[in-house]
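Hydrogens, waters and symmetry mates play no part in the numbers below; they use all other heavy atoms, side chains included. Treat the numbers as computed from the prediction; the structure is a model and nothing was measured.
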Amino acid sequence: MLTISLFVVALLSAMLPVVALNSLNLYVQAAKESAAGQSGGYTYQISGGSNDVAEELRQQVQNGKAIGVKSTQGSVGLTSASGSSRNTIADITFLTGPSRYGTLIEGHQPSQKNEISLSRAAAEQIDAQLGDIVTVQCDDSALSSDYKLIGITVDAANTNTVYATAVSSKDNLQNIQMWLTDDDATVN
């Protein structure tokens with residue numbers, strides 16, 4: 001009996017570093033996915049700079065070499081066929097091009113004007129399903145509109161985060177706060 005007990009203790013002692021290392025690896029992977037999701041997964045994230053830099057980046061958006069980003073907080077809602085509505089407050093990111101925000105768990109990332117993805121938490125709060133028309137309201141009337149829900153995402157580091165990512169017209173994004181690009185020439 002003592003031999004079996006010592007064997008079990010030795011086995012558990014040998015497994016403990018493996019379990020701890022595996023947990024650390026899972027945590028590091030979740031942190032990497034979260035960081036990529038929060039920056040849209042693009043190679044370059046550019047913010048700040050002079051008015052000349054901002055104007056050059058706006059031109060890159062028009063030329064399709066960069067994506068403009070505006071973040072705000074607003075209401076995301078869904079109206080049922082019976083006329084009742086469910087709304088939640090969310091952090092909303094508006095883009096002038098394809099999204100790579102969040103880890104996709106259902107559907108696909110928004111890439112066309114008037115498409116939106118919601119975090120799983122936001123979708124659950126308003127009982128939204130893929131294909132639903134989601135109403136977004138925020139402080140910018142040009143961005144407050146109806147969007148087709150085409151993706152459900154999650155922030156790997158915080159699965160309870162309530163957010164939305166929508167693609168809007170290049171003309172709608174006044175006061176762009178940040179630009180995303182994979183194009184080396186855009187940042188040089």
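For the pair E106/L130, a side-chain contact is recorded, criterion being any heavy-atom separation below 4.5 Å from C-beta on. F94 has its side chain out of reach of V69: every pair of non-hydrogen atoms, C-beta onward, lies at least 4.5 Å apart. Counting heavy atoms from C-beta outward, I92 and V136 have side chains that approach closer than 4.5 Å. Contact annotation: the side chain of Y101 approaches that of L180 to within less than 4.5 Å [non-hydrogen atoms, C-beta and beyond]. Taking the side chain as every heavy atom from C-beta outward, Q177 and S71 approach each other to under 4.5 Å. Inter-residue side-chain proximity for V162 and I89 is flagged as unmet; no heavy-atom pair is nearer than 4.5 Å. Side-chain contact between I150 and P110: present, with at least one pair of heavy atoms (C-beta onward) separated by less than 4.5 Å. Taking the side chain as every heavy atom from C-beta outward, T159 and R120 approach each other to under 4.5 Å.
For the atom pair OG (S99) and CD (Q112), the distance works out to 12.5 Å, reported to the nearest 0.5 Å. For the atom pair OG1 (T96) and NZ (K113), the distance works out to 12.5 Å, reported to the nearest 0.5 Å. Atom CD of Q109 sits about 9.5 Å away from atom CZ of R100, to the nearest 0.5 Å. From C138, atom SG reaches atom CG of L143 across 5.0 Å, with rounding to the nearest 0.5 Å. For the atom pair CG (N114) and OG (S168), the distance works out to 7.0 Å, reported to the nearest 0.5 Å. To the nearest 0.5 Å, atoms CD1 (I67) and CE (M178) are separated by 10.5 Å.
Residues Q125 and T88 bring a donor and an acceptor atom of their side chains to less than 3.5 Å of each other. Counting only N and O atoms by type, the side chains of Y44 and D184 include a donor and acceptor under 3.5 Å apart. T135 and Y147 share no donor-acceptor pair across their side chains, judged by distance under 3.5 Å alone.
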Exercise for review: Any chance you could lay out the side chain to side chain contact (heavy atoms under 4.5 Å, CB included) test for Y163 and S117, step after step, and finish with the verdict?
Suggested key: CA-CA 9 Å; Y163 65 89; S117 64; 5.6 Å; no
Point to revise | Evaluation steps, side chain to side chain contact (heavy atoms under 4.5 Å, CB included), between V61 and W179 | key: CA-CA 8 Å; V61 166; W179 294 268; 3.6 Å; yes
Point to revise | Criterion side chain to side chain contact (heavy atoms under 4.5 Å, CB included) on K70 and I176, from CA distance to verdict | key: CA-CA 5 Å; K70 181 175 182 176; I176 291 175; 5.7 Å; no
Point to revise | Verdict with reasoning, T165 to L95, per side chain to side chain contact (heavy atoms under 4.5 Å, CB included) | key: CA-CA 7 Å; T165 306; L95 305 170; 3.6 Å; yes
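The minimum heavy-atom distance between Q73 and D91, with the atom names listed, is NE2-OD1, 3.4 Å. Between A156 and T103, the shortest heavy-atom distance links the atoms CB-OG1, 4.3 Å. When all heavy atoms of A164 and A90 are compared, the closest pair comes out as N-CB, 4.5 Å. Between G151 and L104 the shortest heavy-atom distance is CA-CD1, 4.3 Å. Considering every non-hydrogen atom in both I152 and A123, the closest pair reads CD1-CB, 3.7 Å.
Around the CG atom of N51, the shell of radius 6.0 Å holds no more than 12 heavy atoms that belong to other residues, nucleotides or ligands.
With I133 as reference, D146 is the one residue of L149, D146, T79, L78 to meet the side chain to side chain contact (heavy atoms under 4.5 Å, CB included) rule.
Under a 3.5 Å cut-off, the side chain of D182 and the backbone N or O of T43 do form a donor-acceptor pair. Remark: side-chain polar atoms of S119 are not paired, donor with acceptor, to backbone N or O of T153 under 3.5 angstrom. The main-chain N or O of Q129 is found under 3.5 Å from a side-chain atom of D132 such that the two form a donor-acceptor pair. Judged by distance alone, with hydrogens and angles left aside, the side-chain atoms of D155 form a donor-acceptor pair with the main-chain N or O of A157 at under 3.5 Å. With hydrogens and angles disregarded, a donor-acceptor distance shorter than 3.5 Å links the side chain of E115 to the backbone of S111.
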